[in-house]
2 protein chains.
Amino acid sequence: MLSNSCKYAIRSVIYLALNSTVNKKIGSKEVALKLNMPQAFLAKILQELTRKHLISSTKGPKGGFFLTDENLNNSVLDIVSCVDGLDAFNVCFLGLRTCSSSKPCSVHHIVEPFKNDIFTQLSNNTITQFANDIRKGTYFISLD
Amino acid sequence: MLSNSCKYAIRSVIYLALNSTVNKKIGSKEVALKLNMPQAFLAKILQELTRKHLISSTKGPKGGFFLTDENLNNSVLDIVSCVDGLDAFNVCFLGLRTCSSSKPCSVHHIVEPFKNDIFTQLSNNTITQFANDIRKGTYFISLD
DNA sequence: ATTATAAAAGATAAAAAGGTCTTTAAATAA
DNA sequence: TTATTTAAAGACCTTTTTATCTTTTATAAT
């Protein structure tokens with residue numbers, strides 16, 4: 001459902017939320033190493049997130065990526081929207097153009113509530129809230 | 001979640017279940033036309049389904065694709081399994097290797113029930129049952 | 001037997017996703 | 001001010017997905 005790029009993006013942003021501050025910026029190299037992602041590819045993704053103001057960066061020595069308070073108040077859905085767009089939440093599981101609650105496909109009644117739930121979960125919670133749940137040990141974002 | 005090929009496959013098989021018999025075989029051309037799919041590409045997909053005995057075919061005049069009673073008793077998950085494999089049902093939404101009920105990612109509790117529900121729906125119902133629900137008007141597979 | 005028809009087979013190609021490498025620009029520390 | 005560090009930019013490459021085109025094979029109708 002989410003692209004590889006998007007999964008990398010989400011995990012990276014949460015990593016930055018948990019580990020970086022404006023005084024402790026983190027390079028794409030460290031993120032890639034810690035989260036086991038291809039470094040150059042991740043750099044491109046972080047570059048894109050920076051351009052769209054979802055994360056922040058500075059160049060040079062002691063430079064790197066970090067999150068401002070504004071960045072922290074974005075939702076995870078903002079990340080998804082930036083990287084993948086929101087199409088995934090608006091298309092029929094079986095690829096039917098005309099699928100709807102009044103003309104449901106065979107799995108519509110299963111897929112629709114799921115899409116709503118996941119959409120709500122991703123849009124109603126900020127990066128900060130996601131990070132806090134990790135800090136508390138409610139959820140886990142393993143360093144794969 | 002499902003590839004384009006897989007969606008084409010599912011819709012085609014249901015179309016065949018609803019419209020073909022051993023005495024009224026249907027060509028890939030008709031299926032492609034009626035379901036608005038690229039004909040040559042669909043032909044490849046149907047060829048694969050035939051090779052794996054999920055649908056049946058004969059060549060020549062009055063030839064085409066159709067479903068035997070055995071074909072009709074397969075589950076839709078058999079189609080998915082044939083075209084895409086079952087990986088989609090076994091991976092974490094956020095791409096974490098170690099995501100599980102004891103170390104859940106932030107959306108695990110939403111995604112896991114969904115995957116179970118959709119898996120059950122696709123594996124517990126035969127092609128015939130899917131087709132019957134369409135015939136009865138319970139569900140709809142529009143001719144896009 | 002010949003012809004027409006339709007799937008099977010296989011080569012090819014376009015587009016998208018995933019990923020790498022090199023060069024340039026900006027910032028800091030010395 | 002020079003060297004170093006790190007992101008930005010952009011060219012390039014690989015794999016997968018999606019798709020097309022051509023040739024061959026099987027079958028049925030005539």
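What you are looking at is a predicted structure, and each value in this text was computed from that prediction instead of being measured. Below, chain A is the first sequence line, B the second, and so on; all start at residue 1.
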Whole angstroms only, please: what is the [atom1]-[atom2] distance between [X] and [N]?
X	N	atom1	atom2	value
A:D87	C:dA16	CG	P	13 Å
A:N23	C:dT28	CG	C1'	15 Å
B:L42	D:dT17	CG	C1'	16 Å
A:L49	D:dA7	CG	P	14 Å
B:L33	C:dA6	CG	P	13 Å
B:K62	D:dA26	NZ	C1'	17 Å
B:L46	D:dT18	CG	C1'	15 Å
B:Q47	D:dA26	CD	C1'	14 Å

Which value, rounded to the nearest 0.5 Å, describes the distance between [X] atom [atom1] and [Y] atom [atom2]?
X	Y	atom1	atom2	result
A:N90	A:F119	CG	CZ	7.5 Å
A:I110	B:T120	CD1	OG1	8.0 Å
A:I10	A:K7	CD1	NZ	9.5 Å

Next on the checklist: Taking the nucleotide of DNA chain D with the nearest heavy atom to each, does A:G63 or A:R51 sit closer to the 5' end?
Outcome noted: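 In this pair, the answer is A:G63.
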
Checklist outcome for this item: When B:F41 and B:K25 are each assigned the nearest nucleotide of DNA chain D, the 5'-most assignment goes to B:F41

Taking only the side-chain nitrogens and oxygens of [X], find out if one of them lies under 4.0 Å from OP1 or OP2 of [N].
X	N	answer
B:Q39	D:dT20	no
B:Y8	D:dT18	no
A:S57	D:dA8	yes

Measure from the side-chain heavy atoms of [X] and tell me the nearest of [options].
X	options	result
A:N4	D:dT20, D:dT18, C:dG18	C:dG18
B:K44	D:dA9, C:dG10, D:dT18	C:dG10
B:T50	C:dA4, C:dA8, C:dG19	C:dA8
A:S5	D:dT20, C:dG18, D:dT4	C:dG18
A:K59	C:dA7, D:dT6, C:dT5	D:dT6
A:P38	C:dT28, C:dG19, D:dT20	C:dG19

Item to check | Ion pair check, B:K44 and B:E48, cut-off under 4.0 Å | outcome: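 Looking at B:E48 together with B:K44, the answer is no, because their closest N to O distance does not fall below 4.0 Å.
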
Item to check | Earlier contact from the 5' end, DNA chain C, for A:P61 and A:L2 | outcome: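 Looking at DNA chain C, the more 5' nearest nucleotide goes with A:L2.
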
Next on the checklist: Measuring centre to centre across the rings, with the benzene-like ring taken for any Trp, is A:F140 within less than 6.0 Å of B:H108?
Outcome noted: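 Ring centroids of A:F140 and B:H108 are no less than 6.0 Å from each other.
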
